[in-house]
Amino acid sequence: MKIELNQGIDVESVRMLFPILSQPVNCNPLIYFDNAATTQKPLQVINALTNYYHNDNANIHRGIHTLAERATVDFEKTRKSAAHFINAHEVEEIIFTKGTTDGINLIAQSYGEKFLKPGDEVLISTMEHHSNIVPWQMVCEKTKSILKVIPINDRGEIILDEFEKLLSERTKIVSLVYISNSLGTINPVKEMITLAHQFGAKVLIDGAQATPHQKIDVTLLNCDFFAFSAHKMYGPTGVGILYGKRALLEAMNPYQGGGDMIKNVTFEKTTYNDIPYKFEAGTPNIAGVIALNEAFQFINTIGLEGIQHHEQALLKYATGLLNEIPGFEPVGTAEHKASVISFNIEGIHPFDLGVLLDAKGIAVRTGHHCTQPVMDRFKIEGTTRASFAVYSTMEEIDLFVQAVQAVVKKLR
Ligand code: 7TS
């Protein structure tokens, strides 16, 4: 079976932009299929990081000297690009964070702690990453609110009828993953946001796995908050974006106190800065934010539509081949899926498979993928997960499937 790649993407040229991909690992060409954990970085992102430290290193917002001015201008450029990338109305609605986890914790603490009252309800789904579970457990405990969980079906899809049944005027926050990291499911978040709003609930979307794979439009979605990480979309680690609607961000308390988030400080009274700076205490990851701009440019240049076509073709091709392996048990077979394949092979522990694939230079992830409730739902310990990116190829999938077959032969 061969599926034609989207003609718009010249994958070999794209691969040339990623120096890490051309190395051998364990005497084999590297096949990097752990993109849901973090993607590799193109040269332009790496160069932006080193260029900042080579030429422009200075702290931002407070300096009057030339380097500080340069660093500040480049830093703020990324904010504009981020607003454009997710179609936010206003640049001030973009907050720099450390990543998705940081963004969700910010909302849980700054919005949740202020507005949740005893007996209020927070809704999440069974397929959330731990970073969209634990912060809500913490805030629910503090505010005596109740955490409720939307069930999923055997394909790993949210059961919409159950979601509707759980919604009520007690529901104050719905926090949902857009694309599941362990199942690949693409959730119907637009429909779910509309339903939640009918009950007056605010909706946070965990976009960590969505931003690298499909066009995001927060205005069209009408979500109240949207969090994502730079490192999962070809950008640096330690940087993320939190989008929030202006009125909500203005009504919230600061997350952390410190420099940059104030207008005036005396021992008697401190006044806070305007958004987004109110939520950006301390010196941020300046180099990382500046380099994130290059990740946006990289994705924009290739185009998310082309990326999506390419990755969907890879997903279809790999799923078809893996399905032919005796004992192949896919975990997550949703109708709408991103390029993530989680699976088990009967009689083979995911860890053993992962180690043996690594010996052939193939990087996959094994375990619970920080979604233990998903593993409990499917009554499994973990899975092996292969996740593809724009630079993944059909040839790599062929080699990967052959390697899995060889492991099956060896261990059975
Ligand atoms: N939400 C989802 C859906 C994720 O996949 C992840 C990370 C996070 C939140 C947290 O993002 P962070 O950048 O703040 O760490 N997921 C994974 C993964 O699947 N393997 O390693 C990290």
Side-chain angles (χ1 to χ4, degrees), residues 32-41 45 82 95-109 124-138 150 152 156-158 174-187 189 192 203-214 216 223 225-243 255 284-285 288-289 291-292 295 311 331-332 334 336-343 350-351 354 363-375 382-389:
Y32 186 78
F33 281 175
D34 195 16
N35 293 287
T38 197
T39 56
Q40 299 303 346
K41 321 304 172 200
V45 168
I95 298 161
F96 289 119
T97 63
K98 288 188 288 184
T100 309
T101 305
D102 195 30
I104 297 171
N105 275 277
L106 190 161
I107 298 303
Q109 289 184 35
I124 58 173
S125 82
T126 305
M127 69 174 89
E128 301 307 322
H129 187 276
H130 294 166
S131 63
N132 199 24
I133 301 174
V134 186
W136 299 113
Q137 289 175 323
M138 288 159 67
I150 314 158
I152 58 176
E157 296 165 321
I158 280 177
V174 178
S175 197
L176 283 175
V177 69
Y178 200 147
I179 296 182
S180 157
N181 66 317
S182 55
L183 299 167
T185 312
I186 305 173
N187 286 317
V189 290
M192 296 176 78
V203 185
L204 184 157
I205 299 298
D206 168 355
Q209 298 291 344
T211 44
H213 301 300
Q214 59 183 61
I216 301 299
C223 55
F225 305 107
F226 189 96
F228 62 102
S229 301
H231 72 96
K232 292 191 195 285
M233 42 167 292
Y234 311 105
T237 55
V239 180
I241 302 280
L242 174 69
Y243 157 83
Y255 178 39
N285 182 349
V289 167
L292 168 58
E311 292 177 347
V331 181
H336 300 290
K337 265 192 77 174
S339 54
V340 170
I341 304 183
S342 252
F343 63 95
F351 181 78
V364 293
R365 179 141 295 215
T366 63
H368 55 60
H369 318 294
C370 297
T371 57
Q372 280 183 340
V374 170
M375 303 303 132
T383 72
T384 301
R385 182 186 70 184
S387 50
F388 312 126

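Excluded from the calculations below are hydrogen atoms, water molecules and symmetry mates; all remaining heavy atoms, backbone and side chain alike, are included. Indexing begins at 1, ligand by ligand and atom by atom, following the structure's order.
Of all protein heavy atoms, the one lying nearest to atom 5 (O) of ligand 1 is Q209 NE2, 2.7 Å. Among protein heavy atoms, the minimum distance from atom 9 (C) of ligand 1 is reached at S131 OG, 3.2 Å. In terms of protein heavy-atom proximity, atom 4 (C) of ligand 1 is nearest to H129 CD2, 3.4 Å. Here the protein heavy atom with the shortest distance to atom 14 (O) of ligand 1 is T101 OG1, 2.5 Å.
Checking Q209, E128, R365, K232 one by one against N181, the side-chain contact (heavy atoms from CB on, under 4.5 Å) holds for a single residue, Q209.
H369 and T371 form no side-chain donor-acceptor contact under 3.5 Å, judged by distance and modelled atom types alone. Under the 3.5 Å distance criterion, with hydrogens and angles disregarded, a donor-acceptor pair is assigned to the side chains of T38 and H231. With no hydrogens or angles considered, a side-chain donor-acceptor pair links S229 and T100 at under 3.5 Å.
When heavy-atom distances to ligand 1 are checked against a 4.0 Å cut-off, A208 comes that close only through its side chain, counted from C-beta outward. Contacts with ligand 1 closer than 4.0 Å are made by side-chain heavy atoms of D206 only, the backbone lying farther away. Contacts with ligand 1 closer than 4.0 Å are made by side-chain heavy atoms of V177 only, the backbone lying farther away.
To the nearest 0.5 angstrom, Q40 atom CD is 7.0 Å from N35 atom CG. Going from atom OH of Y243 over to atom CZ of F228 covers 12.0 Å, rounded to the nearest 0.5 Å. Atom CD1 of residue I205 and atom OG1 of residue T211 lie 12.5 Å apart, to the nearest 0.5 angstrom.
Shown in contact with S229 at under 4.0 Å from a heavy atom are these atoms of ligand 1, numbered in order with element: 11 (O), 12 (P), 13 (O), 14 (O). Residue-ligand proximity, N181 to ligand 1, at heavy-atom distances under 4.0 Å covers atoms 5 (O), 16 (N), 18 (C), 19 (O). Listed by number with element, the atoms of ligand 1 under 4.0 Å from a non-hydrogen atom of A36 are 17 (C), 18 (C), 19 (O).
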Worksheet item: Stepwise, does the ring pair (Phe, Tyr, Trp, His ring centres under 6.0 Å) test hold for H130 with H368?
Response: CA-CA 10 Å; H130 294 166; H368 55 60; 5.6 Å; yes
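Considering backbone and side-chain atoms together, H369 places no N or O closer than 3.5 Å to any N or O of ligand 1. Ligand 1 has an N or O atom lying under 3.5 Å from an N or O atom of R385, backbone or side chain.
With distances taken over non-hydrogen atoms, the option nearest atom 16 (N) of ligand 1 out of E128, H130, H231, K232 is K232.
Minimum heavy-atom separation, P236 to A230: O-CB, 3.4 Å.
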